[in-house]
Amino acid sequence: MRPILLQGHERSLTQIKFNQEGDLLFSCSKDHIINVWFSHNGERLGTYNGHNGTVWTIDVDTQSRFLVSGSADNEMRLWSVQTGKCLFVWEFPTAVKRVSFSDDDEQVVCITEQRMGHQGAIRIFNISRDNDGTQQSLEPESMFHPVGSKATVCAFPYMPDMILTGHESGKVALFDANTGEEVLSNERAHMDVVSDLQLSADRSYFITSSKDKTARIHDTKTLTVLKTFQTETPLNSAVLAPNMPYVVLGGGQEAMSVTTTSLRQGKFEARFWHRIFEEEVGRVKGHFGPLNTIAMHPAGTAYASGGEDGFVRVHHFDESYFKARPYGEVEILD
Amino acid sequence: MAAAIQKTSWADDVEDLDQSKGEDYVDDNGIRTTVEYTVNEEGKKLKITRKIKRTLQKSLVEHAVAERKTWAKFGLEKGKKPGPDGATTTVGETVFLKLTPGNKSAELEPSEQQALKATLSKAGAGKVVCRICKGDHFTAKCPYKDSLAGLDNIETPPAGDEDGDAPTPAAAPAAGGPSKYVPPSMRNRGPGESMPRAGGSRDDLPTLRVTNISEDTQENDLRELFGSFGRVARVYVGRDRDTGVGKGFAFVSFEDRAVAQRAMEKMNGHGYDSLILNVQWSQPREQK
């Protein structure tokens, strides 16, 4: 397969996201700009300009109408996907590290950093979809401060009024969205920072990656670990491949130690692991630095990776990917 | 940049003007060839030939997706024309994803020495091959220099091979042996010599010429088709050099003449891919 290289950023990528149909790819980086691309040919549709700091996180709703972004300039912004206009700005005392839409597009959850005497907070906002989207409430629907280790990633599980979080200590937890009470937690899910959390299509299970060099699949309801993928480098991102029994992991050693190790040792490769057998089945080279974020086309026909090197690489799978049966004919129901 | 070149005579000026235009044409296969002339930083003239083939791919998409394709560009892209911009979008080198069982983490990094050896052998250095007997010594030091030199020239072209892929490399000379060594590829080429050839040589394999096959027939298709009669040694499909589209003929070599005979009888006139195959014995090419 020939990757499409997207050079829309001057600094390292922080998150990339496909929309529901997979025709648009959103990317954000430390250079303050959010880009949107057509995934089939790599054409840039436009940019969302306005943030004054590293854009840490983005998410798009299922209708590809609204885009929400969180940045180090202490703002969360709502954008019109079509026009690139900023519709609304929420301001916080600290940086926004993670945003995520609910599956009905009605709510957004965000994590703000614990810094400068402020506690880390998780806020849930109702998004008004009436009119042009510029009328939003400044006040969150609910807000709580998780005690103990600070949250790094979050998402809406399939259960109502719940928030799924990953923490700096390696903990994975479920919070009650209204009271902020910790309903369930798995303290030993990982041994180090949880760097990414991506849900399956039906949100019944999810994959997390961590700096402890492992990625794990968890059951959403019970938070039990279903599968573990043990690699040899710290991981920054992990994603489940739709319709295929694989997961894709990306990582590499810390940016600060890159110059002291060889490219080969750095393992700047996207790694394909078999979801069931927990064995590595393939690797894709390309990036010159650690992979910071990986996203998968919802139909499973392509994947994209964003690296510390500032590139996004979009890979459309060849026929051989869909035909390959490395472990023979094994029926796997998604 | 053109000023960087030293003009030696007025004639060069004219030449420059002529060549700077380049060429641009589309051939019968729909391949567009563009030729450009540029001068690089060192003042050297470069000719850049690009061959581009366009294939139209159609796909059915959802209404929402189709509508999004018509959206006007915004932000930094505002006002730009449709289509990918080379400044932000490029195509990378082909990467391979081969899905195989077993952990890749077990694969160790090749040691420095091995890596060095690999690069050396890739560059062709450190490997000496005699042009006469293909042994690992210099041609000038070849013990068969007097007896074998020049025999190469009378080598017959491989039978039944219109596009002529490279002849099979001769086997390395066997060590020892009391009589004068003659490489296998040379064995019955000497004047008046009629030694039976080694069975593996494909020139001797019973080969069928299959014509009237469809354009997209692949080697494997034919191997499958003719494999039912017996062992197929080699399949060659004639292709257009530029487009890779089949030219409608192929050669199939069998290991056994009887099998080939049977295959010919059965398959001649057989319908395949909505075309009727024509299968004949392949005629060796005329000797020069």
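Just so we're on the same page: letters track the sequence lines, and every chain starts at 1.
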Close side-chain approach of [X] to [Y], heavy-atom, < 4.5 Å:
X	Y	answer
B:P101	A:V281	no
A:H274	B:L99	no
A:M1	B:T94	no
B:K98	A:R283	no
B:W71	A:V81	yes
B:L97	A:F272	yes

- Message: I'd like to know whether B:R68 forms a salt bridge (charged side-chain N to carboxylate O under 4.0 Å, His left out) with A:D23, so could you lay out the CA-CA distance, the side-chain angles of the two residues, the decisive distance to 0.1 Å, and finally the verdict.
- Response: CA-CA 9 Å; B:R68 284 199 279 270; A:D23 62 322; 2.9 Å; yes
**OP:** Heavy-atom pairs under 4.5 Å with chain A are the metric here; pick the option from B:A72, B:P82, B:G83 that has the most.
**Re:**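 The residue among B:A72, B:P82, B:G83 with the greatest pair count is B:G83.
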Most heavy-atom pairs under 4.5 Å with chain A, out of B:A64, B:A87, B:P84, belong to B:P84
For the [atom1] atom on [X], are there more than 12 heavy atoms of other groups (residues, nucleotides or ligands in this structure) within a distance under 6.0 Å?
X	atom1	value
A:E10	CD	no
A:K85	NZ	no
B:R223	CZ	yes
B:E62	CD	no
B:K69	NZ	yes
B:R262	CZ	yes

Do B:T89 side-chain atoms and A:G42 backbone N/O form a donor-acceptor pair below 3.5 Å?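 Checking the backbone N and O of A:G42 against the side chain of B:T89, a donor-acceptor pair under 3.5 Å is found.
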Taking side chain as everything from C-beta outward and backbone as N, CA, C, O, which of these in [X] sits under 4.5 Å from a heavy atom of chain B? Side chain, backbone, both or neither.
X	value
A:N35	neither
A:Y246	side chain
A:Q20	neither
A:H315	side chain
A:T231	neither
A:N49	side chain
A:V314	neither
A:Y321	both

Comparing A:T83, A:V312, A:I4 against chain B, the one with the most heavy-atom pairs below 4.5 Å turns out to be A:T83
Looking only at A:D318, A:L6, A:L45, most heavy-atom pairs under 4.5 Å shared with chain B are made by A:L45
Taking side chain as everything from C-beta outward and backbone as N, CA, C, O, which of these in B:K78 sits under 4.5 Å from a heavy atom of chain A? Side chain, backbone, both or neither.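 Neither part; nothing is under 4.5 Å.
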Under 4.5 Å to a heavy atom of chain A? For B:E93 that would be backbone
Any side-chain donor-acceptor pair under 3.5 Å between A:Q7 and B:T90?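 The answer is yes; a qualifying pair exists.
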Value rounded to 0.5 Å, distance of CD in A:E43 from NZ in B:K80: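 Rounded to the nearest 0.5 Å, the CD-NZ separation comes to 11.0 Å.
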Nearest heavy-atom approach of A:V36 to B:F74 is CG1-CZ, 3.7 Å
